[in-house]
Protein chains: 2
Amino acid sequence: MFLPLLRPYIKSSHKLSIKRGDFIYHEGESPESLFLIESGLVGLFHNSETGKETFLRVFGKDDIFGHRSYFAQTNYHASTVALEKTELIVISKDQCNEICQSDTELLKTMLMTLSKDLGEAELRLAGLQDKTAPQRIAESLIYFKLKYPDHTWTRKEIAEFSGSTFESVTRVMTKLSDRGLIAKEGRDYSINDHQKLLEFDHHQG
Amino acid sequence: MFLPLLRPYIKSSHKLSIKRGDFIYHEGESPESLFLIESGLVGLFHNSETGKETFLRVFGKDDIFGHRSYFAQTNYHASTVALEKTELIVISKDQCNEICQSDTELLKTMLMTLSKDLGEAELRLAGLQDKTAPQRIAESLIYFKLKYPDHTWTRKEIAEFSGSTFESVTRVMTKLSDRGLIAKEGRDYSINDHQKLLEFDHHQG
DNA sequence: CGTTAGTTTGAGGCAGATCAACTTTGGTGG
DNA sequence: CCACCAAAGTTGATCTGCCTCAAACTAACG
C-alpha cells in the first residue's frame with residue numbers, strides 16, 4: 001500500500017533480488033534503509049537466546065518494512081527473511097529524511113499503519129492469554145489464507161505466528177480437516193468453513 | 001512527554017478529574033478525543049469474553065493516550081482505567097485534526113512513540129513464548145518500579161502485565177524476597193539486586 | 001528417482017493455571 | 001484513635017493443555 005505513495009520519490013533506486021530463506025537484515029543491526037516490496041513475501045522474526053523463533057509480521061507486495069526501527073531510532077528488534085522469491089526497492093535513510101520533511105500525507109499514512117499494527121500486536125498479546133492454542137492456530141490459518149492465498153505456509157510458520165509448535169499445528173489441522181472445516185491439499189490447505197473455524201474450540205472442540 | 005509539545009495548542013481545554021478505578025473509555029467505543037495526563041496514572045486493559053484481563057500499557061504524567069485509535073481510525077481495542085487519582089486534559093478530535101495539519105514535528109514524535117510501543121509489544125509477544133513466567137514477572141517488577149516508583153502495584157496488575165496469575169506473582173515475589181533480590185514492604189516492594197533479578201530463572205531459579 | 005525439508009503420529013512430562021481455605025493489610029468512619 | 005472489614009495477599013493441593021522428545025512417513029524439487 002506504500003509503493004504508490006512513494007513512487008514519485010524513487011529516482012535512482014537501488015534494487016535487490018532475493019530467494020526464499022535469504023535475510024534482508026538481522027536483529028540488532030542499525031537501520032540504514034527502508035525496503036519496499038515490488039513482488040514477493042517477507043517475514044519479520046524474533047529469535048530468542050534459547051533458540052525459540054517468533055513470527056511477528058508478514059509483508060507483501062507494495063508493503064514497506066524497516067520503517068519501525070527508522071522512526072523509533074533504535075536498532076532492529078527482529079530479523080527479516082524472504083518467504084519466497086522477492087524483489088525489493090531499497091530507500092536510503094537520507095532519502096527518507098527528505099521525504100518525511102515534505103510529505104505530511106505520507107507521515108499520516110505511516111501513523112495509521114503503525115497504529116493498526118500496534119493494535120494487532122496487542123490483541124495477539126491478549127490472545128496468547130485468553131485463547132487456546134487450537135483457537136489461535138485456526139485464526140492464523142484464516143489470516144494467512146485470506147491475506148496471501150497463493151503462498152504455501154509451512155506448519156512451522158503457522159506455529160511461530162500463532163504461538164504454538166508445528167506438532168500442535170499438524171494435530172489441529174488434521175482435526176479441522178476431519179471435520180471438513182479445511183481441506184488439506186498436499187502441504188497446502190484451503191478453507192471450507194470460515195465461520196465454524198472461528199468458533200472452533202470455543203470451549204471444547 | 002507530550003504535554004510540553006501540545007501545551008501551546010491547548011486554549012479552552014476541557015479538564016477531567018477522576019479517582020482510582022474510574023474508566024476513561026471502554027473497548028469498542030469510537031474515539032472522540034485524545035487525553036493528556038496532568039497528574040496520576042492510567043492503565044490500558046483488554047478484556048476477553050472469557051473474563052481474562054490483559055494489562056497492555058501504562059500512561060503517566062505528560063503522556064498522551066487514545067491516540068492509537070485516533071490515528072488507526074478504528075474503535076478502541078482496549079479500555080483505560082485510572083490506577084490512582086488522576087487529572088486529565090481532554091483534546092477534541094477537531095483540535096487534533098488542526099494540530100496534525102500544521103505540526104510536522106509533532107507527527108514525527110507520534111511516529112517515534114508508536115514505533116517504540118510497537119517494538120515493545122512485539123518483544124513482549126516473543127517473551128510470552130520464550131521466557132518462563134518467573135522471568136517475565138521479575139522483568140515486570142523492574143519495569144514498574146523503575147518507571148513509576150511511587151505507585152504501589154497490586155499482584156493482580158503485575159500478573160496481568162507479565163502474562164501470569166496473581167498467585168504465581170505472589171509465589172515468585174516470596175522466592176525473590178527470600179533470596180534478597182527484592183524486599184517486600186507491606187503490599188509494596190523495592191528492588192535490591194537489579195542484575196540478579198534480570199538473570200533470575202535463566203534456566204532454573 | 002534420490003534427497004532433504006517438511007509432515008504425521010504417539011507417548012510422556014511438567015510448568016503453571018486453577019481451586020480452595022486462610023491471613024494480613026490499610027483505609028474509613030464511628 | 002481505634003475497631004472493623006473489605007480488599008489484597010499467601011500458601012497448599014491438584015489438575016491439565018500442550019510442549020517435548022522420538023521415530024517413521026511423504027511431498028516436492030533438481
Side-chain angles (χ1 to χ4, degrees), chain A residues 19-21 48 50-55 81 83-85 127-138 140-141 144 151-178 182-189 200-205, chain B residues 19-21 48 50-54 81 83-85 127-138 140-141 144 151-160 162-178 182-189 200-205:
Chain A
K19 63 174 200 303
R20 176 170 173 89
S48 75
T50 65
K52 194 121 198 169
E53 199 162 77
T54 306
F55 191 164
V81 188
L83 301 176
E84 57 184 48
K85 194 176 174 314
L128 281 176
Q129 317 283 108
D130 61 44
K131 288 173 186 166
T132 65
Q135 272 180 282
R136 298 193 309 267
I137 291 167
S140 299
L141 290 173
F144 279 146
H151 185 73
T152 298
W153 300 93
T154 66
R155 311 293 186 254
K156 182 166 173 285
E157 283 160 358
I158 297 163
E160 290 176 352
F161 191 80
S162 60
S164 182
T165 58
F166 72 93
E167 295 98 325
S168 290
V169 172
T170 284
R171 281 182 244 271
V172 169
M173 286 181 74
T174 299
K175 204 176 201 177
L176 292 173
S177 177
D178 288 350
I182 66 170
K184 292 204 230 172
E185 295 163 358
R187 285 178 177 166
D188 204 355
Y189 66 94
F200 180 67
D201 207 67
H202 231 284
H203 275 278
Q204 233 33 281
Chain B
K19 61 174 202 304
R20 175 169 173 90
S48 74
T50 65
K52 193 121 199 169
E53 199 163 77
T54 306
V81 187
L83 301 177
E84 57 183 49
K85 194 176 175 315
L128 282 175
Q129 319 283 108
D130 61 45
K131 288 174 186 166
T132 65
Q135 271 180 283
R136 298 193 309 266
I137 290 167
S140 300
L141 290 173
F144 279 146
H151 185 73
T152 298
W153 300 93
T154 65
R155 312 293 187 255
K156 181 167 172 285
E157 283 160 358
I158 298 163
E160 291 176 352
S162 60
S164 183
T165 59
F166 72 91
E167 294 98 326
S168 290
V169 171
T170 284
R171 280 182 244 272
V172 169
M173 284 180 74
T174 299
K175 204 177 204 177
L176 292 173
S177 178
D178 288 349
I182 67 171
K184 292 204 230 174
E185 294 163 358
R187 286 178 178 165
D188 205 354
Y189 66 94
F200 181 67
D201 207 68
H202 231 282
H203 274 279
Q204 238 30 283

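To find a chain, count down the sequence lines: A is the first, B the second, and so on, and within it residues start at 1. Values in this document were obtained by computation on a predicted structure and should not be read as measured data.
- Between the side chain of A/Arg20 and the backbone N or O of A/Lys85 there is no donor-acceptor pair closer than 3.5 Å.
- For B/Phe144, the ring pair (Phe, Tyr, Trp, His ring centres under 6.0 Å) partners two or more places apart in sequence, or in a different chain, are B/Phe55, B/Trp153, B/Phe161.
- Checking A/Asp188 against A/Thr165, the closest nucleotide of DNA chain D that is more toward the 5' end is the one next to A/Thr165.
- Atom P of nucleotide D/dA8 and atom NE2 of B/His151 are separated by 11 Å, given to the nearest angstrom.
- Neither OP1 nor OP2 of D/dA8 sits under 4.0 Å from any side-chain N or O of B/Thr154.
- In this structure, CG in A/Leu141 is found 6.5 Å from CG in A/Leu176, a value given to the nearest 0.5 Å.
- Rounded to an integer number of Å, the gap from CD1 of A/Ile182 to C1' of C/dT7 is 13 Å.
- One interatomic measurement links the two molecules: NZ of A/Lys175 to C1' of D/dG17, which rounds to 11 Å at whole-angstrom precision.
- In the helix from C/dC1-D/dG30 to C/dG30-D/dC1, the terminal helix axes, each the rotation mapping four pairs' C1' atoms onto the next four within five end pairs, subtend 60°, rounded to 10°.
- Counted by atom type alone, B/Lys184 and B/Thr174 present one or more donor-acceptor pairs between their side chains at under 3.5 Å.
- Distances from the side chain of B/Arg187 to the nucleotides C/dA17, C/dG26, C/dT7 place C/dG26 closest.
- Contact annotation: the side chain of B/Glu53 approaches that of B/Lys156 to within less than 4.5 Å [non-hydrogen atoms, C-beta and beyond].
- Within the 3.5 Å criterion, the main-chain N or O of A/Gly163 finds a donor-acceptor partner in the side chain of A/Arg136.
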What does the B/S/- profile of nucleotides 10-15 of chain D look like, 5' to 3', with a 4.0 Å heavy-atom cutoff to protein? BBBB--
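- A/Lys156 places its NZ atom 19 Å from the P atom of C/dT4, with the value rounded to the nearest Å.
- Projected onto DNA chain D by closest heavy-atom contact, A/Arg136 and A/Glu185 fall at different nucleotides, the more 5' of which corresponds to A/Arg136.
- Atom CG in B/Asp201 sits about 12 Å away from atom C1' in C/dG16, given to the nearest Å.
- Whole-Å rounding puts the B/Asp130 CG to D/dC19 C1' distance at 14 Å.
- At D/dC19, one or more side-chain N or O atoms of A/Ser164 fall inside 4.0 Å of OP1 or OP2 (strictly under the cut-off).
- Under the 4.0 Å criterion applied to side-chain N and carboxylate O atoms, A/Arg171 and A/Glu167 are not assigned as salt-bridge partners.
- As rounded to whole Å, 13 Å separates atom C1' of C/dG16 from atom CG of B/Leu128.
- In this structure, CD1 in B/Ile182 is found 10.0 Å from CG in B/Asp188, a value given to the nearest 0.5 Å.
- Taken from CD in B/Glu160 to CZ in B/Phe166, the straight-line distance is 10.5 Å, to the nearest 0.5 Å.
- Here the C1' atom of nucleotide D/dC19 and the CD atom of B/Gln129 are 12 Å apart, to the nearest Å.
- Set against D/dC18, C/dG6, C/dG16, the side chain of A/Arg20 has C/dG6 as its closest nucleotide.
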